[in-house]
Structures are given as structure tokens and as C-alpha cells.
Trainee: 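Structure incoming, see below.
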Amino acid sequence: MASPQAKRQKSAKDVPYELIYWAGLPGRGEHIRLALEEAGAEYSDNAFAGDSAVPTVLGYINDKNLGDALNPPLLAPPILKHGELIINQTPNILLYLGLRLGLVGEKEDADAMFKVNELTLVALDGLSNEPHDCHHPIATGLYYEDQKDEAKKKSSDYTKNRLPKFLGYFERVLKGEASKSEWLYGSQLTYADLVLFQCVDGVKHAFPKAMGRMEKSGDYENVFKHYRAVQERPNIKAYLASERRQKYGLGIYRHYPELDED
Ligand SMILES: N[C@@H](CCC(=O)N[C@@H](CS)C(=O)NCC(=O)O)C(=O)O
């Protein structure tokens, strides 16, 4: 009899990917969409499921859901379902997709997945999680309006110290010897490039003045060049112009003018 693992791999092989995420904002789900779009993969996106979108997410994460024999319960979206496999945690999903969709670089580089994962985790730390904490520095469960003063302090520190640190890091990565092309690692685009693109795009939306100043400074020339190069990838360009690309709203990247630089 086939093991559950073998059965899962067989059943997952030919079925489309299913992205399960909240409706109405790009959020962390966007990293998954960009990987699927770049690879031209077939997928469904629960964000466009209308009235059933939110109940579907809640069905996966509610505290009565104990998972199943193959999958532990899930904490939060984005969630990827592929055949019988159901996983969450954005970088974890990207690792799974990256290996299947050819987005971890050269096949002969056995360690590539760790490098690509590393770059992804750094980008998500400093250019996704920290921007989120700028508008919610005290508690995710409270409204922004209940933590505005702290948000202002956090954002000032972010645009003055943290943002330059992370952009500077990726500038070094792009100038470094392990980047053998216009991409972050090796000579092929990997999902880390897509993650950095989405992070830079989100931070540009949240802090347009701070990012405008940084772009003008020339200190992060390669990062902004990299951003434009991802934007011009044919599949990404078509996706960005499509209705599947949602507008920023009350998600990770929020534009509150009072939190940006003066
Ligand atoms: N580290 C997780 C974070 C997941 C997460 O915070 N998801 C958000 C939406 S983007 C959510 O619904 N969180 C619910 C909660 O934290 O209570 C990841 O990268 O996927």
C-alpha cells in the first residue's frame, strides 16, 4: 500500500495550486501570487471567491479545526493547498513552490534553497513585518487610532534607521559576488527577487516621501534598479496590469501621511 507521503505526492502532482487568503488586499498572499504568476502556474485564488472568501479562511484557522491526518492545524493565512498538502507561513509556502516552479536558482546548486530562503526571511523581517509594526506597534488587535503616538515614534525610527539598514543590506547583496547577475542570488531570478520587489513596492506605498528620498540619494541604486527589472518581467508586468493585482488597503502596507517623513 502506498504511504501517505507517496499518495500525497501523486495526488498533488497534477492539480492546480489553491491560494487561501483574505479578500480585498494584497497582504502576505501577494508573495505567493507573484511566485505563481512569474512561473505561469495554474492556481485558484480564494480572494476572488466573493462571499465565501472570508468564511473559507476562517474555516481553516478557527480554533475547532484540528487539521487532518496529514496536516497540523493552521494559525494564519496565507495558506497553500496542493492536493492533500495544506501548509501556511509565507516563506514556507514559497520554499515549497520555489522548488516545484524552478524559482530557487540553478539545479546543480544544492544549497541554493537555503540562500534564497535566507534572503527572503531578511526581506520579510525588515521590509514587511517591521512596516506592519509601524502602524501597529503596541497590539495587532487594537485599531491604529488607538496607538497613533507610538506608531509615529516607531515609524520615525523605521524610516531613519531600520529602512536604510535593510535597503543597504540588499544593496550589498546585489553588489556581492554571489549575485552573478541583476538578481539577488546566482544568475537566475529566484522567488527572493519577487519577495524583495513586493516589499519595496509596499514600502514605497506606505512611506512615499522616505522612499523617494532614498531613491534620490543614489545609495540604493541597485535595489531600485532591481525593483524595475522585476516589474518588467513579462509575466509580472501582465499580472501587475491585471485585475488580479489588488490595491493596497488596510493590510501590512498602509499609507498614513502622518507616519511618513516630513
Ligand atoms: N508569519 C506568518 C504571518 C501570518 C499572518 O500574520 N497572517 C495575517 C494576514 S497577512 C493574519 O491573518 N494574521 C492573523 C493573526 O495573526 O491573528 C506568515 O508569514 O505567513
Side-chain angles (χ1 to χ4, degrees), residues 25-38 78 90-91 94 98 103 115-135 154-155 157-176 178-179 181-185 188-241 244-249 251-257 259-261:
L25 56 133
R28 290 184 173 89
E30 200 60 12
H31 297 294
I32 315 303
R33 291 188 189 98
L34 287 169
L36 292 162
E37 292 281 347
E38 166 64 25
T90 308
L94 288 169
L103 292 173
K115 321 283 175 61
V116 172
N117 187 42
E118 169 184 281
L119 294 163
T120 298
L121 293 172
V122 175
L124 293 174
D125 274 355
L127 302 170
S128 177
N129 295 332
E130 291 201 25
H132 170 272
D133 293 350
C134 283
H135 53 76
K154 176 92 182 165
S155 300
D157 179 66
Y158 182 70
T159 52
K160 196 165 157 235
N161 299 312
R162 302 293 292 169
L163 180 53
K165 177 170 182 148
F166 282 90
L167 293 182
Y169 168 71
F170 282 107
E171 183 70 15
R172 274 199 288 140
V173 171
L174 287 163
K175 281 183 182 151
S179 160
S181 63
E182 63 198 310
W183 308 121
L184 290 169
Y185 180 70
Q188 288 172 23
L189 174 130
T190 69
Y191 69 79
D193 293 294
L194 302 173
V195 170
L196 180 61
F197 163 78
Q198 175 56 25
C199 286
V200 169
D201 195 68
V203 178
K204 275 161 83 82
H205 171 77
F207 300 107
K209 286 188 188 161
M211 283 295 265
R213 176 178 62 78
M214 286 179 216
E215 185 161 8
K216 234 192 244 159
S217 76
D219 293 345
Y220 316 100
E221 193 186 351
N222 289 292
V223 172
F224 288 101
K225 219 168 112 196
H226 174 272
Y227 172 81
R228 290 188 290 274
V230 173
Q231 215 171 23
E232 289 305 316
R233 301 278 296 181
N235 286 358
I236 297 297
K237 194 171 181 175
Y239 167 68
L240 295 176
R244 301 190 299 287
R245 173 72 168 184
Q246 298 166 79
K247 293 199 171 18
Y248 290 107
I252 298 168
Y253 300 113
R254 302 185 184 190
H255 177 56
Y256 292 118
L259 298 185
D260 200 356
E261 282 182 355

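On a predicted model such as this, the values are computed, not experimentally measured, just so you know.
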Trainee: Measure from NZ or CZ of Lys204 to the centre of the six-membered ring of Tyr227, then state whether that distance is under 6.0 Å and the direction lies within 45° of the axis.
Mentor: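 Yes, Lys204 lies over the aromatic ring of Tyr227.
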Trainee: Could you go through Tyr256 and Cys134, starting from their C-alpha distance and side-chain angles, then the distance that decides it, and tell me whether this counts as side chain to side chain contact (heavy atoms under 4.5 Å, CB included)?
Mentor: CA-CA 10 Å; Tyr256 292 118; Cys134 283; over 6 Å; no
Trainee: Measuring from atom CD of Glu38 to atom OH of Tyr191, what distance do you get when rounded to the nearest 0.5 angstrom?
Mentor: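 That separation rounds to 14.5 Å.
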Trainee: Taking the side chain as C-beta and beyond, is there a heavy-atom pair between Gln188 and Ser181 under 4.5 Å?
Mentor: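 Sidechains of Ser181 and Gln188: no contact.
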Trainee: Run the salt bridge (Lys or Arg N to Asp or Glu O under 4.0 Å) check on Arg228 and Glu215 step by step: do they pass?
Mentor: CA-CA 12 Å; Arg228 290 188 290 274; Glu215 185 161 8; 3.1 Å; yes
Trainee: Distance alone, cut at 3.5 Å: any donor-acceptor contact between the side chains of Asn222 and Glu171?
Mentor: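 Short answer, yes.
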Trainee: Could you give the distance from CG (Leu127) to CZ (Arg162), rounded to the nearest 0.5 Å?
Mentor: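 Rounded to the nearest 0.5 Å, the CG-CZ separation comes to 10.0 Å.
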Trainee: Under a 3.5 Å cutoff, is there a donor and acceptor pairing between the side chains of Asp201 and Tyr248?
Mentor: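 Looking only at side-chain atoms, Tyr248 and Asp201 do form a donor-acceptor pair, the distance falling under 3.5 Å.
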Trainee: Got a second to check how far Tyr185's OH is from Lys115's NZ, nearest 0.5 Å?
Mentor: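 With rounding to 0.5 Å, OH (Tyr185) is 3.5 Å from NZ (Lys115).
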Trainee: Hey, mind stepping through Asp125 and Glu130 against side chain to side chain contact (heavy atoms under 4.5 Å, CB included) and telling me if it holds?
Mentor: CA-CA 6 Å; Asp125 274 355; Glu130 291 201 25; 5.6 Å; no
Trainee: Considering only heavy atoms from C-beta outward, does the side chain of Leu189 approach that of Arg233 to under 4.5 Å?
Mentor: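 Of all side-chain heavy-atom pairs linking Arg233 with Leu189, at least one is under 4.5 Å.
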Trainee: So which heavy atom on Pro164 is nearest to which on Tyr220, and how close?
Mentor: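 Taking every non-hydrogen atom into account, CB-OH, 3.4 Å.
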Trainee: Using 0.5 Å steps for rounding, measure from the OG1 atom of Thr190 to the CH2 atom of Trp183.
Mentor: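 The distance works out to 9.5 Å.
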Trainee: Is Glu30 salt-bridged to Arg33, going by a charged N under 4.0 Å from an acidic O?
Mentor: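 The answer is yes: the pair qualifies as a salt bridge.
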Trainee: Between the side chain of Asp260 and the main-chain N/O of His255, is any donor-acceptor distance below 3.5 Å?
Mentor: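 Not at all, since once roles are kept as given, no pair shorter than 3.5 Å links the two residues.
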Trainee: His31 and side chain to side chain contact (heavy atoms under 4.5 Å, CB included): which single residue from Thr120, Leu194, Thr90 fits?
Mentor: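 For His31, the side chain to side chain contact (heavy atoms under 4.5 Å, CB included) test succeeds with only one of Thr120, Leu194, Thr90, which is Thr90.
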Trainee: Can you tell me how far CD of Gln198 sits from CD1 of Ile252, rounded to the nearest 0.5 angstrom?
Mentor: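 With rounding to 0.5 Å, CD1 (Ile252) is 8.5 Å from CD (Gln198).
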Trainee: Taking NZ, NE, NH1 and NH2 as the nitrogens, is one of them in Glu232 or Lys225 under 4.0 Å from a carboxylate oxygen of the other?
Mentor: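 Answer for the salt bridge query: no.
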Trainee: Measure across Cys199 and Ser128 and return the closest heavy-atom pair with its distance rounded to 0.1 Å.
Mentor: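 So the two residues come closest at SG-CB, 4.2 Å.
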Trainee: Which pair of non-hydrogen atoms, one from Ala192 and one from Leu184, has the smallest distance, and what is that distance?
Mentor: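 In terms of heavy atoms, the two residues are closest at O-CD1, 3.6 Å.
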Trainee: Tell me, with the steps shown, if Glu37 and Arg245 meet salt bridge (Lys or Arg N to Asp or Glu O under 4.0 Å).
Mentor: CA-CA 11 Å; Glu37 292 281 347; Arg245 173 72 168 184; over 6 Å; no
Trainee: Are the side chains of Phe197 and Leu240 in touch, meaning some heavy atoms are under 4.5 Å apart?
Mentor: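 Phe197 vs Leu240: side chains touch.
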Trainee: Are the side chains of Lys247 and Pro26 in touch, meaning some heavy atoms are under 4.5 Å apart?
Mentor: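 Lys247 does not reach Pro26 side chain to side chain.
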Trainee: Nearest 0.5 Å please: distance from the CD atom of Gln246 over to the CG atom of Leu25.
Mentor: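 Spacing of CD (Gln246) from CG (Leu25) equals 6.5 Å.
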Trainee: Please test Arg28 against Leu124 for side chain to side chain contact (heavy atoms under 4.5 Å, CB included), starting from the C-alpha separation and ending with a verdict.
Mentor: CA-CA 9 Å; Arg28 290 184 173 89; Leu124 293 174; over 6 Å; no
Trainee: Do you know which of Asp193, Val173, Leu196, Val195 makes side chain to side chain contact (heavy atoms under 4.5 Å, CB included) with Leu119?
Mentor: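 That would be Val173.
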Trainee: Could you give me the CA-CA distance, side-chain angles and deciding distance for Tyr158 and Phe207, then say whether side chain to side chain contact (heavy atoms under 4.5 Å, CB included) is met?
Mentor: CA-CA 10 Å; Tyr158 182 70; Phe207 300 107; 3.8 Å; yes
Trainee: Taking C-beta and beyond as the side chain, do Phe170 and His226 meet within less than 4.5 Å on heavy atoms?
Mentor: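 With C-beta onward as the side chain, the pair stays apart.
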